[in-house]
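Below, chain A is the first sequence line, B the second, and so on; all start at residue 1.
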Amino acid sequence: MLYINCPHCGMRSQNEFSYGGDASVKRPELNKEVSNQEWDNFVYNRKSLRGKHLELWQHIFGCRQWIKVERDTATHEIFNTFKADEEVT
Amino acid sequence: MQKYSIFNLVKNAFSNHKNWDLAWKDPTPKEEYDVVIIGGGGHGLATAYYLAKEHNITKVAIIEKGWIGGGNVGRNTTIIRSNYMHDENGLFSEFGMDLWRKMSQDLNYNVMFSPRGIINLAHSDAQMNAYARRGNSMRLNGIDAVLLNREEVKEIIPMADFSDNVRFPIFGGLMQPSAGTARHDAVAWGYARQADSMGVDIIQNCEVIGFDVSAGKINGIRTSRGNIKAKKVGLCVAGSTNILAEKLNMTLPIETHLLQACVSEPIKPVLDNVVTFGAGHFYVSQSDKGEMVMGGDLDGYNSYAQRGNLPTLQHVLTEGIAMMPFLSKLKMLRTWGGIMDMSMDGSPIIDKTHIEGLYLNCGWCYGGFKATPASGWTFAHTIAQDRVHELNAGYSLNRFSTGHLIDEKGLGTKTWIS
């Protein structure tokens, strides 16, 4: 069982969350010319890192907020959680 | 190579079976090969076998980080089928079904192929319509499909829940009678033994550290056991594809996810077929030892852990019990997990890359085991001829850019959603 510390609600079990994928993916700016390669990278291409991975989760059976979770994809250790609009460096 | 036969079995009985040859050797890596296949799983071993057998290319090495057959070919639920709607998947898989039928003779190794039939259960009128459509598409591609009504399903699997007032009543199902199961380890070992006998070097405990690429062309690989020159390199590493792609500065339409399976304690024969639950994701068959072999959803988040998490298993088995209530009486014997190369449309990639001499075989999602022979056969063709075969032409890497996706399940890019 994963335990995820929701920045809004506190520590909850993974049963309350649903996964939303890689959080480092950025939608291309729409007010400029976007190449096919940029769209491919946004829609399809993923690094799928082994190790530290920043990802989106939704606290779907809680506050229903989207959050960012920094988790190790090899050990499943969770290092940190952030609000969705927090910039993570 | 010693042939496995009744006569050799009797002959070796006189020496207490102590004089059998090793099934494959343990060579030290040579300096150079014509083709290096990275990944000693089912697909890699099959690729090497078909390179030697169909294309006469025997200066081949298989480079495996651990031991052969230790990844997904040793961790699956052994289901073999070709019940796909889209032409690319249907024709490719049906070509594989032919190879499965001949495999034990072809490899001189009993892979225990058992065409016991697969039944996908339907739980609504809409689902019956969808199955009728899929069945018709299959039959147009020469694949056997039978649409069963409720009574016909009941005759075949009376132990399923046909009582009134169930949440997901069984309306009927789509059956592919020629689908089945096989002994998964034997597939890896059979391919390895034959490939080895034709001169392929199977190099285990050898990790790929990097690639030697210059002027857009592959020259070789760097491994934990030294540098190996190669004219051509094929990647067959399933869940580890992204790790190697990073070393090649490639970003692929693939995420690595965790999939669990489990077996119950062995019981007397109760289930003749493979059966899947249509209102969720659960499938079950009974092994020759009597264990109920079960599987279902991904754990649902990126993972390289090769071990599962209990909430998903509980969810999957809840579906199983809804379908066949007697399963609740069984004790669980083993659970295990493997890492899946989930592609962004749910279909695989067997293609050349932008690097000359580098070939890619990945994106197998839930369906890698049954594809083993067809994947090896078409990948060997792609490598040997330096062009894709018509069977894997649809499994191109650039289909994500051009929009020619093969989205069998209609899940879009989030194939890990359950």
Undergrad: Going from CG on A/D40 to CE on B/M344, what distance comes out if it is rounded to the nearest 0.5 angstrom?
TA: 11.5 Å
Undergrad: Which bit of B/L313 comes within less than 4.5 Å of chain A, counting heavy atoms only: side chain, backbone, both or neither?
TA: neither
Undergrad: Can you tell me if A/K83 has over 12 outside heavy atoms packed within less than 6.0 Å of its NZ?
TA: no
Undergrad: What is the minimum heavy-atom distance between A/T75 and B/R307, and which atoms define it?
TA: O-NH2, 3.6 Å
Undergrad: Taking atom NE2 as the centre, does B/H404 end up with more than 12 heavy-atom neighbours from other residues, nucleotides or ligands that are less than 6.0 angstrom away?
TA: no
Undergrad: Go through it in stages, so that I can follow the logic: the residues are A/H53 and B/Y301, the test is side-chain contact (heavy atoms from CB on, under 4.5 Å), and I'd like the CA-CA distance, side-chain angles, deciding distance and then a yes or no.
TA: CA-CA 11 Å; A/H53 188 241; B/Y301 41 82; over 6 Å; no
Undergrad: Return the CG to CE distance between B/L310 and A/M1, rounded to the nearest 0.5 Å.
TA: 7.5 Å
Undergrad: OH/A/Y44 to CG/B/L405 distance, rounded to the nearest 0.5 angstrom?
TA: 4.0 Å
Undergrad: Between B/S401 and A/N36, do the side chains contain an N or O donor and an N or O acceptor separated by less than 3.5 Å?
TA: no
Undergrad: Counting heavy-atom pairs under 4.5 Å with chain B, which one of A/E55, A/R46, A/K47 comes out on top?
TA: A/R46
Undergrad: Are there more than 12 heavy atoms of other residues, nucleotides or ligands under 6.0 Å from atom NZ of A/K32?
TA: yes
Undergrad: Could you tell me whether A/E29 atom CD has more than 12 heavy atoms of other residues or ligands within 6.0 Å of it?
TA: no
Undergrad: Say whether, by atom type as modelled, one donor and one acceptor occur between the side chain of A/R71 and the main chain of B/N302 under 3.5 angstrom.
TA: yes
Undergrad: Which atoms form the tightest heavy-atom contact between A/S48 and B/T256, and what is the distance?
TA: OG-N, 2.9 Å
Undergrad: So which atom in B/A305 and which in A/A74 form the shortest heavy-atom distance, rounded to 0.1 Å?
TA: CB-O, 3.6 Å
Undergrad: Might you confirm whether atom CD of B/E246 has over 12 heavy atoms from other residues, nucleotides or ligands at distances under 6.0 Å?
TA: no
Undergrad: So what's closer than 4.5 Å to chain A heavy atoms on B/L252: side chain, backbone, both or neither?
TA: backbone
Undergrad: Where does A/W57 contact chain B at under 4.5 Å (heavy atoms): side chain, backbone, both or neither?
TA: side chain
Undergrad: Side chains of A/H76 and B/L258, heavy atoms from C-beta outward: is any pair under 4.5 Å?
TA: yes
Undergrad: Are there over 12 heavy-atom neighbours, none belonging to A/F42, within less than 6.0 Å of that residue's CZ?
TA: yes
Undergrad: Which atom pair, heavy atoms only, marks the closest approach of B/Y304 to A/L49?
TA: CE1-O, 3.3 Å
